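Here is the structure we will look at.
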Amino acid sequence: MSEYFIQLNDRVVRYNEATIHVGSAAMKYGASVFEGIRGYWDASRYRMHLMSLSEHVDRLFDSMKIMGMEHTWSKESVLKNIRNIILINSLHEDCYVRVAASIEADGPLDSRGPVLLSIAAFPMQRKPHSDQGIHISVSSWQRISDHMMPPRIKCIANYQNGRLAMLQAKSDGYDNTLLLNQNGKIAEAPTAAFFIVKNGQLITSSVTSGILESITRRDILNWAEEVGLNATQRELDRTECYLADEAFLCGTGAEILPVVSIDRHILGKGSIGPITALLMRKYFNAAYVREEGLEPAVEDIVIYPKEEIENAAFPI
C-alpha cells in the first residue's frame, strides 16, 4: 500500500497523524487495553477472514470493564470500524489488526475517560522459525497474579512483565521464555499460551494459573476434542516440561509455534512433533477455510467489492 491509514474513534487519519498526548492517562499510567486479530487473505473469494473477530471484540469490552473505562462504544460500531480500516488500507495479504482503547484525558490516576479507540491494520507474516521450532527458557521473572493485576485481560501495563522476561531470554540466547506463577508453576509465555504433549496427552495450564484467557488456546482445546486427543487443563511443573515429548506456544501473533527445547533440554527428537503438526494443520485449515464445515461466522469476514476498492475515495 502506498499510504497507511489508522482509525481514531470515527475518523480515518494518516499514519503520522495517529497520536495521543504525552500527558494522557494512557501515557502516564498505562491506562490502555487492546486486542490483536489475525486476518487471513482468501484471494479466490476476494475476502479477508478475521479469525475469531467477534470473540476478540468481546474480550476488548471485558478488558475495558475491568479497567474501569467509561465509553459509549457498541460491539457493532467497533466491528464496523475494523472492517472499514481494512478496506481503506486495501490489504490483499495476511494482516494483523490492533484495536486499542486508551484514556486520552490529561487526568489523574483514576481517570475513567474519555476513551480513544484506535484501530490499525497492517501486513503480518509467520513468526521466525515457525517451520522448525524455537528454543525457550524458563524466566527468573514471575508472572503477575490476579492478586496484583488482572492477567486474564489484555491490559497494556501487564505487558511490561512479559517484556522484562523477553529481554532476559533474548540476552541469554533464547527465542522466547516461560514465566512461573506465584505458586512456582508454569503460567505462559510473554505473549502466548503454552501446551506440552506427553504420552499422547495434551496438557496446558488452567485459566486460574495467571494466564491470559486466550482465544487461540480455547480453539486448540476444541480441535483436540474433535480429533480425539485427550486434553487436560491443570498445574504444570517446570521439570515436567523438560520431559515433554512435544511443546508449543499459541496465540494470535504466535499462531501455533513449535518448541523444540526448554532451558536447553531437547524435547522428543528435537523437531516438530506429530501432534503439534496435526494442530498446526487444523489451525491453518481454519484460518484459510480449507475444509468443509469451517466456514466462519458472517461477522468475521470482510468481503472486498472489486469495483469499489479499485475506485475507492479514502476519507481524510
Side-chain angles (χ1 to χ4, degrees), residues 4-39 48-89 91 95-122 146 149-160 212-215 218 252 296-303 308 312-316:
Y4 182 39
F5 299 90
I6 290 178
Q7 187 128 357
L8 296 183
N9 292 335
D10 290 317
R11 297 184 301 122
V12 175
V13 302
R14 290 184 174 87
Y15 180 85
N16 60 0
E17 296 170 1
T19 59
I20 188 167
H21 199 276
V22 293
S24 67
M27 287 294 295
K28 291 190 296 187
Y29 307 118
S32 190
V33 298
F34 81 104
E35 278 297 320
I37 304 109
R38 279 264 193 183
M48 188 77 75
H49 172 206
L50 297 170
M51 198 161 179
S52 302
L53 172 61
S54 181
E55 290 89 342
H56 281 282
V57 175
D58 286 340
R59 192 171 62 185
L60 178 74
F61 279 88
D62 288 345
S63 296
M64 286 193 283
K65 177 181 179 180
I66 289 181
M67 297 310 294
M69 296 183 174
E70 296 177 349
H71 65 92
T72 58
W73 291 99
S74 68
K75 181 176 180 179
E76 291 71 26
S77 62
V78 175
L79 290 170
K80 178 183 175 182
N81 283 349
I82 289 171
R83 296 188 194 99
N84 183 58
I85 202 63
I86 288 172
L87 291 172
I88 284 173
N89 281 311
L91 292 164
C95 71
Y96 184 83
V97 179
R98 191 178 193 280
V99 188
S102 309
I103 296 179
E104 61 177 335
D106 185 356
L109 181 63
D110 59 350
S111 297
R112 292 179 173 268
V115 172
L116 174 71
L117 190 76
S118 60
I119 306 174
F122 46 87
D146 206 51
M149 297 275 281
R152 62 176 19 90
I153 63 168
K154 291 181 77 70
C155 173
I156 286 175
N158 289 357
Y159 283 78
Q160 289 307 305
L212 174 74
E213 292 202 15
S214 164
I215 293 167
R218 177 212 62 194
T252 298
V298 173
E299 61 264 32
D300 294 348
I301 293 294
V302 180
I303 297 175
E308 288 185 22
F314 298 152
I316 302 301

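A quick note: this is a predicted structure, and the numbers were derived from the prediction, not measured. The figures here come from the full heavy-atom set of this structure, side chains too, leaving out hydrogens, waters and symmetry mates.
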By ring pair (Phe, Tyr, Trp, His ring centres under 6.0 Å), Y29 pairs with (sequence neighbours left out) none
Say whether, by atom type as modelled, one donor and one acceptor occur between the side chain of N89 and the main chain of I85 under 3.5 angstrom.
yes
Between the CG atom in L60 and the CG atom in L117, the distance rounded to the nearest 0.5 Å is 6.5 Å
Review point. Looking at side-chain heavy atoms only, is the closest gap between H49 and D300 below 4.5 Å?
Key: yes
Residue pairs passing the side-chain hydrogen bond (donor to acceptor under 3.5 Å, both in side chains) test with at least one member in residues 151-160, sequence neighbours excluded, are R152-E213, K154-Y159
Checklist line | Any side-chain heavy-atom pair of V57 and I82 under 4.5 Å | finding: yes
Contacts of E299 meeting salt bridge (charged side-chain N to carboxylate O under 4.0 Å, His left out) (sequence neighbours excluded), chain-then-number -> none
Sequence neighbours excluded, the answer for side-chain contact (heavy atoms from CB on, under 4.5 Å) partners of H21 is none
So side-chain hydrogen bond (donor to acceptor under 3.5 Å, both in side chains) across residues 99-110, not counting sequence neighbours, yields K28-D106, S32-S102
- Check the angle between the aromatic planes of F122 and Y4 and answer parallel, tilted or perpendicular using the 30° and 60° thresholds. perpendicular
*asked:* Are V302 and L91 packed together at the side-chain level, in the sense that at least one heavy-atom pair is separated by less than 4.5 angstrom?
replied: no
Value for CD (E35) from OG (S52), rounded to nearest 0.5 Å, stands at 10.5 Å
Of all heavy-atom pairs linking G39 and M48, the shortest is C-SD, 3.7 Å
Beyond-backbone contact of R98 with S118, side-chain heavy atoms, under 4.5 angstrom: no
Those residues at least two apart in sequence (or on a different chain) that pass side-chain hydrogen bond (donor to acceptor under 3.5 Å, both in side chains) with S111 are none
